[in-house]
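When reading the values below, keep in mind they use all heavy atoms of this one structure, side chains included, and skip hydrogens, waters and symmetry mates. Letters A, B, ... mirror the listed sequences (proteins, then strands); counts begin at 1.
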There are 2 protein chains.
Amino acid sequence: MTTPAVSSRALPHPARDEVRLEGVLHALSDPMRLRIVRELAAAQGELSCSHFELPVTKSTTTHHFRVLRESGVIRQVYRGTAKMNGLRRDDLDALFPGLLDALLEAAARQAARRAD
Amino acid sequence: MTTPAVSSRALPHPARDEVRLEGVLHALSDPMRLRIVRELAAAQGELSCSHFELPVTKSTTTHHFRVLRESGVIRQVYRGTAKMNGLRRDDLDALFPGLLDALLEAAARQAARRAD
DNA sequence: CGACTCGTACGATAGCCATCGTAGTACGGC
DNA sequence: GCCGTACTACGATGGCTATCGTACGAGTCG
């Protein structure tokens, strides 16, 4: 059972046309959430919440994932006890072509700059 | 005297390498500030604060312009009694190539979508 | 069943922030 | 010097939010 079935527990997601640019920008303006999104983009697929090692408690991690989901940046699905997270790349690219890539590259540049 | 000399009153701006992506995104995540930036981008040049007709008081307008300046998005200069505002396009393009254009196009798309 | 893991819910707290109103400063013109 | 315009500074306020801790629920494995 490498991929357990999707649980019945539902998670509310905004529809594609409900996603607001301001909400996306606000979600990504937090360093912790930007970091999550960068890791999610690097791993071409879904990652469980527990995969991330963030310097905050689990409560706070849950909070950040919810903000990302409710702003339309990520999609969340239960698979057994794990909650899998994936970027909503299709929707974001349809709504704001080029934006996600520009944001990711900007974040990568800044990370490289700060590491120097 | 079409363009009065720059006043001695100084306004603190972050240096190019002090501009943080998170700060820029946070600045643009406010609808009022996003609107200001869009108008500023449309008008290829400097605009005075009073040019903008925002549905908030002048106090609040001042606040938004300061947030934009301190995050590195705009440059502000006193010219006589007027305070002129300009996008820091050169700095932003150097730091985050393509980001500003992607953001502006995303905002334009969303505006078109909402108007429909 | 029982234990364990993963994640949630709820309450609390402290800090930030968008907004306002009022009072004040800087500059240019009369 | 005096007035008007343009913007600021300060204090207040209400709302949002990032963080935590603890207690709980859902699912898996023995």
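As a whole-Å value, the separation of Met32(B) CE from dC20(C) C1' is 13 Å. Distance Glu70(A) CD to dT17(D) P: 10 Å, rounded to the nearest Å. Between His26(B) atom NE2 and dT17(D) atom P the separation is 10 Å, expressed in whole Å. Atom CZ of Arg35(B) is separated from atom C1' of dA18(C) by 15 Å (rounded to the nearest Å). What separates CD1 of Ile74(A) from P of dG7(C) is a distance of 12 Å, to the nearest Å. Taking atom CG of Leu28(B) as the reference point, atom P of dA18(C) lies 12 Å away to the nearest angstrom. In this structure, CG of Leu54(B) is placed 11 Å from P of dC20(C), rounded to the nearest angstrom. At whole-Å resolution of the value, CG in Leu11(A) and P in dC6(C) are 18 Å apart.
Remark on DNA chain C: of its neighbouring residues Pro55(B) and Asn85(A), the 5'-side contact belongs to Asn85(A), judged by nearest-heavy-atom nucleotide.
Using a 4.0 Å heavy-atom distance criterion, His51(B) is classed as making no nucleic acid contact.
Comment: Arg75(A) does not engage Glu46(A) in a salt bridge, judged by the lack of any side-chain N to carboxylate O separation of less than 4.0 angstrom.
The two residues Arg16(A) and Ala94(A) make their nearest non-hydrogen contact at NH1-CB, 3.2 Å.
Across residues 58-68 of chain A, Ser59(A), Thr60(A), His63(A), His64(A) each have a non-hydrogen atom less than 4.0 Å from an atom of DNA chain D (numbered order). Contacts with DNA chain C (heavy atom under 4.0 Å) in residues 38-49 of chain B: none are found.
Here the side chains of Glu70(A) and His13(A) are not in contact, with every heavy-atom distance at 4.5 Å or above. With contacts defined as side-chain heavy-atom distances shorter than 4.5 Å, the pair Gln110(B)/Phe96(A) qualifies.
For residues 98-107 of chain A, the set of pairs meeting the salt bridge (charged side-chain N to carboxylate O under 4.0 Å, His left out) definition, not counting sequence neighbours, comprises Arg89(A)-Asp101(A), Glu105(A)-Arg109(A).
With no hydrogens or angles considered, no side-chain donor-acceptor pair links Ser59(A) and Thr62(A) at under 3.5 Å.
Leu28(B) and Val67(A) are not part of a single hydrophobic cluster, where members link through side-chain heavy atoms under 4.5 Å apart.
For the pair Arg33(A) and dA18(D), the criterion of a side-chain N or O lying under 4.0 Å from OP1 or OP2 is met. Contact annotation: Thr57(B) side-chain N/O to dC20(C) OP1/OP2 distance is under 4.0 Å.
Of all nucleotides listed (dT19(C), dT28(D), dC20(D)), dT19(C) comes nearest to the side chain of Val56(B).
In this structure, the separation between CD on Glu53(A) and CD on Glu39(A) is 9.0 Å, given to the nearest 0.5 Å. Rounded to the nearest 0.5 Å, atoms CG (Leu40(A)) and CG (Leu68(A)) are 8.5 Å apart.
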